[in-house]
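Below is one structure; the comments refer to it alone.
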Amino acid sequence: TWDLAPRPLDMLVGFSHEAVGVATARYLTGKGYRRFAVVTLDAPRGHRRCDSLVAELASQGITDVPCIVLPPPATADLGREGLQRLLAAGEYPQVLVCSSDTLAHGVLVEAAERGIRVPDDLAVMGFGDLNIAAHLQPSLSTVRINGAEIGLQAARALLQRLEHPDEKPMKVRIDTGFSIVERQSA
């Protein structure tokens with residue numbers, strides 16, 4: 001679950017991390033942002049979203065995208081550290097894309113503490129649409145993944161397999177998609 005390879009080994013229910021990166025880049029450039037930075041965890045899925053975002057930005061002529069890579073797990077403290085490290089390096093993006101809403105939460109806290117106005121001075125984009133995202137100040141723009149649908153489709157695929165154990169298993173590949181959630185932060 002939570003992935004989408006072109007040729008699954010068996011059952012796969014999820015979404016394309018690469019498509020998320022491309023859609024996020026297009027959404028944010030469509031809003032006029034041109035100076036980007038990324039704060040991501042050192043994890044394969046976050047890297048795939050980051051790499052596809054950076055590649056899409058490059059295709060639009062945006063080639064200088066600083067990336068801060070942090071060790072998992074995601075915490076608000078790590079998000080704060082990500083923004084601190086960007087600013088200490090002299091990087092002042094218009095928009096900061098985070099690989100999770102938890103990191104983005106930390107970025108919002110650090111920005112507020114430093115008097116950085118979101119989204120006027122720095123826009124922030126998360127990933128995951130955690131319950132807290134809509135309640136942060138400002139509310140967090142993010143990418144929504146339908147975890148309940150992923151679970152439901154995975155359970156159906158497993159039940160189908162269990163109900164017909166003698167049949168040759170068919171490969172299952174279900175794309176549950178994702179959506180950009182526009183709120184106040186970007």
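Nothing fancy with the numbering, it's 1 onward along the sequence.
Salt bridge Asp121/Arg114: absent, no basic N to carboxylate O contact under 4.0 Å. Ion pairing between a basic and an acidic side chain is recognised when a charged N comes within 4.0 Å of a carboxylate O; Arg45 and Asp3 show such pairing. In summary, Glu91 and Arg85 do not engage in a salt bridge, as defined by a charged side-chain N under 4.0 Å from a carboxylate O. The pair Lys31-Glu182 meets the salt-bridge criterion, with a side-chain N (NZ, NE, NH1 or NH2) lying under 4.0 Å from an Asp/Glu carboxylate O. Salt bridge present: Asp129 and Arg183 bring a charged side-chain N and a carboxylate O closer than 4.0 Å. Looking at Glu56 and Arg26, a side-chain N of the basic residue comes within less than 4.0 Å of a carboxylate O on the acidic one, giving a salt bridge.
Thr176 and Asn146 are not linked by any side-chain donor-acceptor pair at a separation below 3.5 angstrom, with hydrogens and angles left out of the test.
There is no path of hydrophobic side-chain contacts, each under 4.5 Å, that joins Ile145 to Val181. Residues Trp2 and Val143 share a hydrophobic cluster, clusters being chains of Ile/Leu/Val/Met/Phe/Trp/Tyr side chains in contact below 4.5 Å. A continuous path of Ile, Leu, Val, Met, Phe, Trp and Tyr side chains, each step under 4.5 Å between heavy atoms, connects Tyr27 with Leu57, placing both in one hydrophobic cluster.
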Verdict with supporting geometry, Gln60 and Thr29, side-chain hydrogen bond (donor to acceptor under 3.5 Å, both in side chains): CA-CA 9 Å; Gln60 297 184 40; Thr29 56; 3.0 Å; yes
As a quick check of understanding, evaluate salt bridge (charged side-chain N to carboxylate O under 4.0 Å, His left out) for Glu113 and Arg80, giving each step before the final call. CA-CA 10 Å; Glu113 190 168 291; Arg80 292 186 75 167; 2.8 Å; yes
Evaluate Leu28 against Val97 for side chain to side chain contact (heavy atoms under 4.5 Å, CB included), listing each step before the verdict. CA-CA 9 Å; Leu28 293 168; Val97 179; 3.6 Å; yes
Between Arg34 and Gln94, does a side chain to side chain contact (heavy atoms under 4.5 Å, CB included) hold up when you go through it step by step? CA-CA 7 Å; Arg34 302 296 294 170; Gln94 289 176 301; 3.8 Å; yes
Side chain to side chain contact (heavy atoms under 4.5 Å, CB included) for Cys67 and Cys50? Distances and angles first, verdict last. CA-CA 8 Å; Cys67 293; Cys50 178; 3.6 Å; yes
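A 4.5 Å side-chain heavy-atom check between Glu110 and Gln84 finds at least one atom pair inside the cut-off. Put simply, the side chain of Arg48 does not reach to within 4.5 Å of the side chain of Val20, judged on heavy atoms.
Leu152 CG to Arg156 CZ: the interatomic distance, rounded to the nearest 0.5 Å, is 4.0 Å. The CG atom of Leu159 sits 10.0 Å away from the NE2 atom of His164 when rounded to the nearest 0.5 Å. Rounding to the nearest 0.5 Å gives a distance of 11.0 Å between NE2 of His105 and OG of Ser100. The structure places CZ of Phe178 at 9.0 Å from CZ of Phe127, a figure rounded to the nearest 0.5 Å.
No donor-acceptor distance shorter than 3.5 angstrom exists from the side chain of Thr1 to the backbone of Gly14, with no hydrogens or angles considered. At least one donor-acceptor pair under 3.5 Å links the side chain of Ser139 to the backbone N or O of Gln184. In this structure, Arg173 contributes its side chain and Ala5 its backbone to a donor-acceptor pair below 3.5 Å.
For Asp120, the CG atom sits in a packed shell: over 12 heavy atoms of surrounding residues, nucleotides or ligands are nearer than 6.0 Å. No more than 12 heavy atoms of other residues, nucleotides or ligands sit less than 6.0 Å from atom CG of Leu9.
Grouped with Tyr92 in one hydrophobic cluster are Val39, Leu41, Ile68, Leu70, Leu78, Leu83, Leu86, Leu87, Leu96, Leu103, Val107, Leu108, Ile116, Val118, Leu122, Val124, Leu130, Ile132, Leu136, Leu140, the linkage being side-chain heavy-atom contacts under 4.5 Å among Ile, Leu, Val, Met, Phe, Trp and Tyr residues.
Of all heavy-atom pairs between Thr142 and Met125, the closest is O-CE, 3.5 Å. What you find for Gly21 and Ser52 is that their closest heavy atoms are CA-OG, 3.2 Å. For the residue pair Pro119 and Ala186, the shortest heavy atom distance occurs at CB-N, 4.4 Å. The minimum heavy-atom distance between Ile174 and Leu4, with the atom names listed, is O-CD1, 3.6 Å. Nearest heavy atom pair, residue Pro66 against residue Phe36, reads CD-O, 3.2 Å. Of all non-hydrogen atoms in Ala157 and Val172, the two that sit nearest each other are CB-CG1, 4.2 Å.
Looking at residues two or more places apart in sequence or on another chain, you find a ring-ring contact (aromatic ring centres under 6.0 Å, His included) between His17 and Phe15.
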